[in-house]
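The structure displayed is predicted, hence computed values, not measured ones.
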Amino acid sequence: MAINITAVRDGLTAAGYEVTVGAGVRGRKSRQDTMSIDISVDTSGRVRFSSSRVTEPPSVSAAARRGITVTRENRRVTTIIYTLAPEDDVLTIVREMERLERG
């Protein structure tokens with residue numbers, strides 16, 4: 001099944017993603033430095049949703065060498081895989097993936 005690139009682009013844009021179109025469609029959304037979501041949809045309709053979310057405040061320390069700062073973060077990474085069906089509404093699917101990511 002070939003996807004409708006325009007429909008995918010428009011669905012991701014409506015969901016608030018920064019979108020680029022090439023061989024497929026890619027979308028990215030981030031909130032400050034605490035969360036980012038990347039979605040890619042290839043030309044056959046396979047969707048890969050990947051999020052990275054900070055789970056606790058980062059710890060920052062100075063290293064022995066002057067001017068070097070070390071930041072450590074704990075993150076939760078979530079990946080969701082799906083294949084679009086011809087009747088799927090992209091915006092609805094993306095919203096469902098975002099809901100599933102939040103747990």
Side-chain angles (χ1 to χ4, degrees):
M1 173 194 96
I3 63 163
N4 179 335
I5 296 282
T6 303
V8 173
R9 181 200 63 207
D10 293 349
L12 289 176
T13 300
Y17 288 80
E18 295 176 29
V19 178
T20 57
V21 177
V25 182
R26 291 186 174 273
R28 180 168 178 76
K29 182 192 288 190
S30 60
R31 192 168 36 243
Q32 299 161 347
D33 289 332
T34 61
M35 188 266 297
S36 67
I37 299 173
D38 292 291
I39 297 179
S40 62
V41 184
D42 69 17
T43 55
S44 67
R46 284 186 300 264
V47 180
R48 183 176 191 279
F49 174 105
S50 179
S51 73
S52 175
R53 182 181 298 270
V54 174
T55 57
E56 58 187 60
S59 68
V60 179
S61 60
R65 186 179 199 108
R66 194 181 334 198
I68 296 175
T69 302
V70 177
T71 303
R72 291 186 174 83
E73 295 180 333
N74 289 321
R75 292 185 167 266
R76 181 183 78 203
V77 175
T78 303
T79 302
I80 302 170
I81 305 296
Y82 180 73
T83 301
L84 291 171
E87 67 277 4
D88 282 339
D89 174 69
V90 174
L91 180 56
T92 302
I93 297 298
V94 169
R95 294 284 188 228
E96 178 68 7
M97 289 179 164
E98 290 175 340
R99 186 189 67 74
L100 290 168
E101 184 273 338
R102 287 189 300 272

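- Between the CG atom of Asp38 and the CZ atom of Arg48 there is a distance of 8.5 Å, given to the nearest 0.5 Å.
- Taken to the nearest 0.5 Å, the OG atom of Ser51 stands 7.5 Å off from the CE atom of Met35.
- With sequence neighbours excluded, no residue satisfies salt bridge (Lys or Arg N to Asp or Glu O under 4.0 Å) with Asp89.
- In terms of heavy atoms, Leu91 sits closest to Gly11 at CD1-O, 3.8 Å.
- Closest approach of Ser44 and Thr83 over heavy atoms only: O-CG2, 4.5 Å.
- The two residues Ile3 and Leu84 make their nearest non-hydrogen contact at CG2-CD1, 4.4 Å.
- Of all the heavy atoms in Thr71 and Pro58, the pair that sits closest is CG2-CB, 3.8 Å.
- By the 4.5 Å heavy-atom criterion applied to side chains, Arg72 and Ser61 are counted as neighbours.
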**OP:** Determine, step by step, whether Asn4 and Val8 satisfy the side-chain contact (heavy atoms from CB on, under 4.5 Å) criterion, reporting the C-alpha distance in whole Å, the side-chain angles of both residues, the deciding distance to 0.1 Å, and the verdict.
**Re:** CA-CA 6 Å; Asn4 179 335; Val8 173; 5.9 Å; no
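- For the atom pair Thr43 OG1 and Ile5 CD1, the distance stands at 7.0 Å (nearest 0.5 Å).
- Considering only heavy atoms from C-beta on, Val47 comes within 4.5 Å of Met97 through its side chain.
- Rounding to the nearest 0.5 angstrom, the gap separating the OG atom in Ser40 from the CZ atom in Arg28 is 12.5 Å.
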Less than 3.5 Å apart, which donor and acceptor atoms pair up between the side chains of residues 15-26 and the rest of the protein, not counting sequence neighbours?
residue: Tyr17; atom: OH; partner: Glu98; partner atom: OE2; Å: 2.7

Original post:
After noting the C-alpha distance and the side-chain angles of Thr69 and Val60, does the key distance pass the side-chain contact (heavy atoms from CB on, under 4.5 Å) rule?
Top reply: CA-CA 7 Å; Thr69 302; Val60 179; 3.3 Å; yes
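- When the side chain to side chain contact (heavy atoms under 4.5 Å, CB included) test is applied to Arg76, the partners found at least two apart in sequence or on another chain are Arg53, Thr55, Thr78, Glu101.
- Test Ile81, Ile80, Ile93, Val94 against Phe49 for side-chain contact (heavy atoms from CB on, under 4.5 Å) and you get one pass: Ile80.
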